[in-house]
Amino acid sequence: MKLSPLLQRYCRFCFVGGTGMVMDMGIIWLLASPSMLGWNLSLSKVIAAEVAIINNFVWNDVWTFRGLVAGANAWLERVVRFAKFNLICAAGIGLSVLLLNVQVYWLHINVYLANFFAIVLVSLWNFFLNVRFSWTLSSQ
């Protein structure tokens, strides 16, 4: 059974997001865990999420959305896509930090489980806005 192009890309996007989630979780543990550096949770989350965003952009650009963009100014176009991707994901970071803090400090959910929930919810935001603004699927 052949999947639709959008569903194929979504599966790839989720796989790439999984690698970003592993990076995010590892970095937040390194920075925020009292047994490691013990930094502020919100600052740790912002740093962890930005590292994951950079990872995800690179892999989404070269694999998930490969073939959708090609032009004479490939590097300039990539920089513009990265700026759009980062802006969309930056809003997602804000949402993620809010979700993480509500779950940890108000609902008393384990920080890593709460981070997982925040990542899953924000990934939906990131996929649909990035499909619309960073890469176009109309050229398939």
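Worth saying up front: this structure is predicted, and the values here are computed from it rather than measured. Worth knowing before you read on, the calculation uses all heavy atoms, side chains too, and leaves out hydrogens, waters and symmetry mates.
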Are F133 and W135 linked, directly or through intermediate hydrophobic residues, by side-chain heavy-atom contacts shorter than 4.5 Å (ILVMFWY only)? no
Say whether M25 and I109 are linked into one hydrophobic cluster, either directly or through other cluster members, by side-chain heavy-atom distances under 4.5 angstrom. yes
I need the full list of ring-ring contact (aromatic ring centres under 6.0 Å, His included) pairs touching residues 97-120, with sequence neighbours left out, sorted by first then second residue. none
Going by heavy atoms in the side chains, are I47 and L31 under 4.5 Å from each other? yes
Could you name each residue pair satisfying ring-ring contact (aromatic ring centres under 6.0 Å, His included) that touches residues 19-39, not counting sequence neighbours? none
Scan for salt bridge (Lys or Arg N to Asp or Glu O under 4.0 Å) pairs involving residues 25-52, sequence neighbours excluded, and state none if there are none. D24-K45
Considering residues at least two apart in sequence or located in another chain, which fulfil the ring pair (Phe, Tyr, Trp, His ring centres under 6.0 Å) criterion with F15? W63
Filter on salt bridge (Lys or Arg N to Asp or Glu O under 4.0 Å), then keep only pairs touching residues 11-20, sequence neighbours left out; what's left? none
Can you check whether G92's main-chain N or O pairs, donor with acceptor, with S96's side chain at less than 3.5 Å? no
Within one Ile-Leu-Val-Met-Phe-Trp-Tyr cluster: L41 and M21, side-chain cutoff 4.5 Å: yes
Sub-4.5 Å side-chain heavy-atom contact between V80 and S134: no
Is the closest side-chain heavy-atom distance between W59 and N55 below 4.5 Å? yes
Restricting to pairs with a member in residues 117-127, which pass side chain to side chain donor-acceptor pair (under 3.5 Å), not counting sequence neighbours? none
Under a 4.5 Å cut-off applied to non-hydrogen side-chain atoms, are I27 and S44 in contact? no
Does the side chain of R78 reach to within under 4.5 Å of the side chain of F57, using non-hydrogen atoms? yes
Side-chain contact test, heavy atoms from C-beta onward, threshold under 4.5 Å: evaluate it for L99 versus N115 and give yes or no. no
Under 3.5 Å, is there a donor-acceptor pair between the side chain of N86 and the main chain of F82? no
Are the side chains of I93 and V122 in contact, using a 4.5 Å heavy-atom criterion? no
Co-membership, hydrophobic cluster, residues I119 and I53, 4.5 Å side-chain: no
Just wondering, do F13 and V131 contact through their side chains at under 4.5 Å, heavy atoms? no
Would you say T19's side chain and V16's backbone share a donor-acceptor pair under 3.5 angstrom? yes
